[in-house]
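Have a look at the structure below before the remarks.
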Amino acid sequence: MTEEIRIGNSDVQTGKLGLGTNKVGGHNLFAGLADSDGTDIIKTALQENISLLDTAYMYGLGKSEELIGDVLKDYDRSKVVIATKAAQDPANDLRPNNQPDFLKKSVDSALKRLKTDYIDIFYIHFPDDSTPKDEAVAALVDEKKAGKIRAIGVSNFSLAQVKEANKDHQVDIVEDNYSLVHRNAEKELMPYLQSNHISFVPYFPLASGLLTGKYDEKDQSQFKQFAAEDYTKIINALAEIKEIANRKQASIAQTVLAWYIADPAISVVIPGAHKAEQVQNNVQALNVHLSDDEFKQIDHLFQAF
């Protein structure tokens, strides 16, 4: 497996490959999800020694947390790192709410759904428009002191909001959109996090499947967020990654995940899975070891993004 890393200044430790669980019970986000597939995904991850499970209230409006809680009853809780998130207020059309009372209630509700007495990492999932971010984090500091959570995170915060949240140096981890084709975080956010000993977790590391290598030029209409010229650059870059992958007897997706795992600025990478076999495939990324030159080559291929 991979080395253990520490989350921020907390005492939470985990491997560099986790599991994103938005397809576990996330019926409000994806069509055709079966609960049985979700539980199989979680069981497979745990059997493959993936310790970090990243979930959220918004994944099925609590359903993902419930399914994880059901599975964990049969496992050693101390060997699992549960990260969950909350902000969407069911009493206000799921608009973000960072008020201290709401966040504290959200922690208690998540604990019940997860059927556990502590949460390893608790994130404020989205910022709201009005709550001072340091006050929101202060509420989570109270929960940490009470033993309900072990590490404090924020997700989808701008750099200014992260700095405000970290006013008292209590933020341990930040989760945000980042991949080889979405590298804005490298400019300012990631340097700030590194200089303040805050961990970073990218979501959408495989760019909704684009970086798996299963798409080609004719599929551009499925990725309209990219101009045709940029999409062509991505497809050509993936063809070069395929050459590296072939040398490693790995897939393109495993090689891309290996690139994140090798990056010291990235604490944990959390690809999702629709089926248990995808978890098994992703785990193989831990056996893909990139040389410095290969790492730099992949980095250079996507410099435009």
Side-chain angles (χ1 to χ4, degrees), residues 14 16-46 48 50-72 80-90 94-96 106 109-110 113-114 116 119-127 153-157 173-179 181-182 185 200-212 214 222-223 225 253 256-257 260 266-283 285:
T14 183
K16 289 207 71 170
L17 182 70
L19 174 71
T21 66
N22 60 356
K23 295 185 181 74
V24 174
H27 56 79
N28 57 327
L29 305 176
F30 302 95
L33 295 183
D35 287 355
S36 57
D37 287 337
T39 54
D40 284 346
I41 288 168
I42 299 301
K43 289 176 183 177
T44 300
L46 296 174
E48 294 287 351
I50 290 176
S51 58
L52 175 67
L53 306 177
D54 182 276
T55 186
Y57 165 73
M58 200 58 190
Y59 304 166
L61 305 182
K63 186 65 175 179
S64 180
E65 293 170 324
E66 290 173 358
L67 291 176
I68 290 170
D70 289 341
V71 171
L72 288 184
V80 182
V81 176
I82 299 175
T84 194
K85 303 177 281 290
Q88 298 87 348
D89 189 346
L94 297 176
R95 292 186 178 90
S106 296
S109 297
R113 289 189 292 269
L114 288 161
T116 185
I119 293 165
D120 298 279
I121 304 169
F122 190 89
Y123 293 93
I124 303 172
H125 200 170
F126 282 89
V154 298
S155 179
N156 300 295
F157 277 40
I173 189 166
V174 167
E175 186 172 317
D176 210 338
N177 188 4
Y178 174 81
S179 71
V181 295
H182 192 276
F200 179 65
V201 177
Y203 64 76
F204 293 159
L206 295 174
S208 300
L210 176 56
L211 294 176
T212 61
K214 67 180 180 180
Q222 296 186 49
F223 297 95
Q225 67 268 41
V256 170
L257 291 175
Y260 301 127
I266 294 173
S267 302
V268 187
V269 60
I270 51 167
H274 196 272
K275 295 285 184 179
E277 306 88 77
Q278 291 175 310
V279 177
Q280 294 169 323
N281 287 336
N282 290 340
V283 167

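For the atom pair Tyr260 OH and Ser179 OG, the distance stands at 4.5 Å (nearest 0.5 Å). Interatomic distance, Asp54 CG to Ile270 CD1, rounded to the nearest 0.5 Å: 3.5 Å. One finds the OG1 atom of Thr84 at 10.5 Å from the CD1 atom of Ile121 (value rounded to the nearest 0.5 Å). Atom OH of Tyr123 and atom CZ of Phe157 lie 12.0 Å apart (nearest 0.5 Å). Summarising the geometry, atom CG belonging to Leu33 is positioned 10.0 Å from atom CG belonging to Leu67; distances are rounded to the nearest 0.5 Å. Rounding to the nearest 0.5 Å gives a distance of 4.0 Å between OG1 of Thr21 and CD1 of Ile68.
Side-chain atoms of Asn156 come within 3.5 Å of backbone atoms of His125 as a donor-acceptor pair (strictly under, hydrogens ignored). Tyr178 places no side-chain N or O within donor-acceptor distance of the main-chain N or O of Pro205, the cut-off being under 3.5 Å. In this structure, Glu48 contributes its side chain and Ala45 its backbone to no donor-acceptor pair below 3.5 Å. When atom types are taken as modelled, the side chain of Asp40 and the backbone of Ala276 share no donor-acceptor pair closer than 3.5 angstrom. At distances below 3.5 Å, at least one donor-acceptor pair connects side-chain atoms of Lys85 with backbone N or O atoms of Thr55. The main-chain N or O of Gly25 is never found under 3.5 Å from a side-chain atom of Ser64 such that the two would form a donor-acceptor pair. The backbone N or O of Ile82 sits less than 3.5 Å from a side-chain atom of Asp120, completing a donor-acceptor pair. Listed for the Lys16 side chain is a donor-acceptor partner under 3.5 Å among the backbone atoms of Ile266.
When all heavy atoms of Glu65 and Ala110 are compared, the pair lying nearest together is OE2-CB, 3.6 Å. Considering all non-hydrogen atoms of both residues, Phe223 and Leu210 come closest at CE2-CB, 3.6 Å. Counting all heavy atoms, side chain and backbone alike, Val268 lies closest to Gly18 at CG1-N, 3.7 Å. In terms of heavy atoms, Gly272 sits closest to Asn282 at O-ND2, 3.6 Å.
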(message) Does Val174 form a side-chain contact (heavy atoms from CB on, under 4.5 Å) with Val201? I'd like the steps, not just the answer.
(response) CA-CA 6 Å; Val174 167; Val201 177; over 6 Å; no
(request) Go through the steps for Thr116 and Leu72 under the test side-chain contact (heavy atoms from CB on, under 4.5 Å), then give the verdict. (result) CA-CA 9 Å; Thr116 185; Leu72 288 184; over 6 Å; no
(message) Working note: Ile50 + Val283, criterion side-chain contact (heavy atoms from CB on, under 4.5 Å); need CA distance, chi angles, decisive distance, verdict.
(response) CA-CA 8 Å; Ile50 290 176; Val283 167; 3.6 Å; yes
(request) Just do the side chain to side chain donor-acceptor pair (under 3.5 Å) check on Gln280 and Thr44 with the steps written out, would you? (result) CA-CA 7 Å; Gln280 294 169 323; Thr44 300; 5.3 Å; no
(message) As a quick check of understanding, evaluate side-chain contact (heavy atoms from CB on, under 4.5 Å) for Gln88 and Arg95, giving each step before the final call.
(response) CA-CA 5 Å; Gln88 298 87 348; Arg95 292 186 178 90; over 6 Å; no
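A 4.5 Å side-chain heavy-atom check between Ile173 and Val154 finds every atom pair outside the cut-off. Residues Pro96 and Asp89 are not in side-chain contact: their nearest non-hydrogen atoms beyond the backbone lie 4.5 Å or more apart. Between Leu61 and Asn28 the shortest side-chain heavy-atom distance falls below 4.5 Å. Looking at heavy atoms from C-beta onward, Phe30 lies in side-chain contact with Asn22 at the 4.5 angstrom threshold. Side-chain atoms of Tyr57 and Arg113, non-hydrogen and from C-beta on, do get closer than 4.5 Å to each other.
A side-chain contact (heavy atoms from CB on, under 4.5 Å) with Leu52 holds for exactly one of Thr14, Val269, Val80, Leu17; it is Thr14.
The residues Lys23 and Asp37 are annotated as not salt-bridged, no charged nitrogen and carboxylate oxygen being separated by less than 4.0 angstrom.
Environment of CZ in Phe200: crowded, with over 12 heavy atoms of neighbouring residues, nucleotides or ligands closer than 6.0 Å.
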